[in-house]
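Before any comments, here is the structure.
Each chain gets a letter, A, B and so on, in the order the sequences are listed, and its residues count up from 1. Here the structure is a predicted model, which means the values were calculated and not measured.
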Number of protein chains: 2
Amino acid sequence: MAPNSATRTLGGRPSPAAEDYLKTIFALGSSGDAASVSTIATRLGVSRPSASVMLKRLADEGLVERVDRHRHLLTSKGRSDALRVVRRHRLIEAFLAATLDMPWDEVHAEAELLEHAVSDRLEARIDAALGHPTHDPHGDPIPPRQGDHDEAWHEPLDAAPPGATFRVERVSDRDSAALRHLAALGITVGSTLVVGEREPFGGPLWVRVGRRRRALGPGLSRLVHGAVQEGQR
Amino acid sequence: MAPNSATRTLGGRPSPAAEDYLKTIFALGSSGDAASVSTIATRLGVSRPSASVMLKRLADEGLVERVDRHRHLLTSKGRSDALRVVRRHRLIEAFLAATLDMPWDEVHAEAELLEHAVSDRLEARIDAALGHPTHDPHGDPIPPRQGDHDEAWHEPLDAAPPGATFRVERVSDRDSAALRHLAALGITVGSTLVVGEREPFGGPLWVRVGRRRRALGPGLSRLVHGAVQEGQR
DNA sequence: CAACAAAGTTAGTCAACTCTAACTCAGTTT
DNA sequence: AAACTGAGTTAGAGTTGACTAACTTTGTTG
Ligand SMILES: [Mn+2]
Ligand SMILES: [Mn+2]
Ligand SMILES: [Mn+2]
Ligand SMILES: [Mn+2]
């Protein structure tokens with residue numbers, strides 16, 4: 001038992017690696033995908049045997065439950081640990097965006113490392129300084145320090161009917177090049193789009209942003225989530 | 001060769017543990033103390049064998065030079081690596097103090113962890129946002145991104161003659177309880193004190209802060225560094 | 001000078017993570 | 001039914017950084 005100096009002071013937390021596994025299982029669960037060994041390994045960029053071994057360890061520690069060979073669920077302890085990391089991650093993103101004007105395509109990578117190094121005390125100060133924010137720069141909801149959390153996603157832009165007015169509520173932060181491109185098109189959280197034609201055979205979806213017409217490839221339009229505006233004519 | 005996920009993205013840097021060793025050797029060098037295996041081990045809170053082995057590793061990597069059995073010096077590569085960590089550490093302290101009003105007795109512990117997780121890009125943003133600060137909240141000089149750095153300490157309050165007017169320029173950040181106490185006495189970087197009597201046999205040094213008389217034990221007055229004011233009558 | 005204490009090193013372990021290679025096991029295909 | 005394929009696991013090994021126990025080396029002191 002010889003904790004690395006980087007983790008020494010951060011008490012009862014899972015290791016950085018374990019935190020990343022928990023976060024990944026949580027994310028897969030929220031998006032409805034099965035948390036199989038392979039999916040987790042791919043998401044984390046580790047080999048399948050590594051993921052297999054780590055998942056067994058997490059199961060032994062009571063953080064993960066192996067439902068069947070292809071499905072892993074978080075136990076309630078595991079879920080609460082995962083939520084703590086997710087909370088830190090999103091608060092950090094919000095903090096960097098707010099205090100340093102860091103663009104939304106950069107904050108994720110920074111938070112990916114900092115989430116393991118930010119103490120509870122610092123987390124609390126960030127939360128307070130930002131006025132207890134509820135969403136990060138990508139529209140991801142920030143889990144409360146304790147209590148319930150709803151990770152439900154909105155509808156993908158993908159699925160919005162032609163002619164609809166669509167308000168962007170959330171954009172996946174996984175692909176930073178995509179985020180950069182969306183920003184260049186004028187699309188961020190809070191943007192309102194008018195949905196146009198979808199060209200066939202994998203062609204683009206046309207949308208109007210302000211008075212510009214923009215073409216979004218299917219890979220892009222799947223990343224943008226939001227709601228069709230009702231009362232708006 | 002299997003980098004931990006927490007370090008994966010931070011390229012050519014020494015490991016967090018190695019960075020802490022380099023920083024410690026640098027600090028010992030600046031304060032004139034010999035960087036022996038034991039001193040380093042004590043400072044880092046590791047066993048002597050651990051330090052012995054790590055120092056050999058750092059020497060093999062060309063970061064540390066073993067002058068004699070009791071004296072370790074940084075090579076120029078080692079010094080430049082150390083300066084990069086020290087720069088990150090102090091910028092982070094300044095950043096936390098500036099953006100979160102974090103008190104000077106808390107910033108050090110946070111920076112101790114964050115210094116290993118902050119990317120070059122984030123470091124640059126922090127530096128720019130603060131207007132390229134030259135000193136951290138304890139008055140420690142922030143090494144430039146490249147080029148020379150002068151770590152010279154001022155005179156300890158300890159050594160100031162009775163009757164002198166003393167301007168506080170720098171306070172050691174090692175003991176956070178001491179920092180808290182000094183702040184409670186109204187003593188921070190920039191404070192001006194009038195030095196009074198030093199009581200014998202390890203008794204306190206009396207100083208005037210504004211219109212209050214304060215007693216500083218020898219342990220405290222050794223932490224406070226600054227300069228006797230000349231032109232001031 | 002001999003004895004002792006302090007400092008440094010070596011050897012042997014351990015724990016956490018990762019890897020590759022080689023296997024098992026299921027679920028398709030043909 | 002046999003063969004292939006994909007997913008999961010086991011085995012063996014490497015890296016980093018820590019530990020304790022047991023030296024050796026050096027320097028101080030009676
Ligand atoms: Mn992470
Ligand atoms: Mn996010
Ligand atoms: Mn550190
Ligand atoms: Mn400092």
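- Contact annotation: B:Ser52 reaches the phosphate of C:dT9 (side-chain N/O to OP1 or OP2, under 4.0 Å).
- Distances shorter than 4.0 Å separate none of the side-chain N or O atoms of B:Arg57 from OP1 or OP2 on D:dT16.
- One finds no side-chain N or O of A:Arg71 lying less than 4.0 angstrom from the OP1 or OP2 phosphate oxygen of D:dA7.
- For D:dG8, one of the phosphate oxygens OP1 or OP2 lies less than 4.0 angstrom from a side-chain nitrogen or oxygen of A:His70.
- In terms of phosphate contacts, B:Ser50 brings no side-chain nitrogen or oxygen within less than 4.0 Å of OP1 or OP2 of D:dG17.
- Residue B:Met54 contributes atom CE, which lies 4 Å from atom P of D:dG17 at whole-angstrom precision.
- Contact check, A:Ser38 against D:dG8: a side-chain N or O comes under 4.0 Å of OP1 or OP2.
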- side-chain hydrogen bond (donor to acceptor under 3.5 Å, both in side chains) between A:His138 and A:Glu93, intermediate numbers included: CA-CA 9 Å; A:His138 312 101; A:Glu93 288 188 350; 3.0 Å; yes
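- Proximity note for B:Ser47 (side chain, C-beta onward) versus C:dC17, D:dT9, D:dC19: the nearest is D:dC19.
- The phosphate of D:dG8 has neither OP1 nor OP2 within less than 4.0 Å of any side-chain N or O from A:Lys56.
- The A:Val46 side chain lies nearest to C:dC19 when the options are D:dG17, C:dC19, D:dC19.
- Of the candidate nucleotides D:dT16, C:dT10, D:dA18, C:dT10 has the atom nearest to the side chain of B:Val53.
- B:Ala35 approaches B:Leu28 most closely through the heavy-atom pair CA-CD1, 4.0 Å.
- Contact check, B:Tyr21 against D:dT16: no side-chain N or O comes under 4.0 Å of OP1 or OP2.
- Counted by atom type alone, A:His181 and A:Asp105 present zero donor-acceptor pairs between their side chains at under 3.5 Å.
- Closest of all the heavy-atom pairs between B:His149 and B:Arg79 is O-NH2, 3.4 Å.
- Note on A:Arg48: a base of the nucleic acid sits closer than 4.0 angstrom, heavy atoms only.
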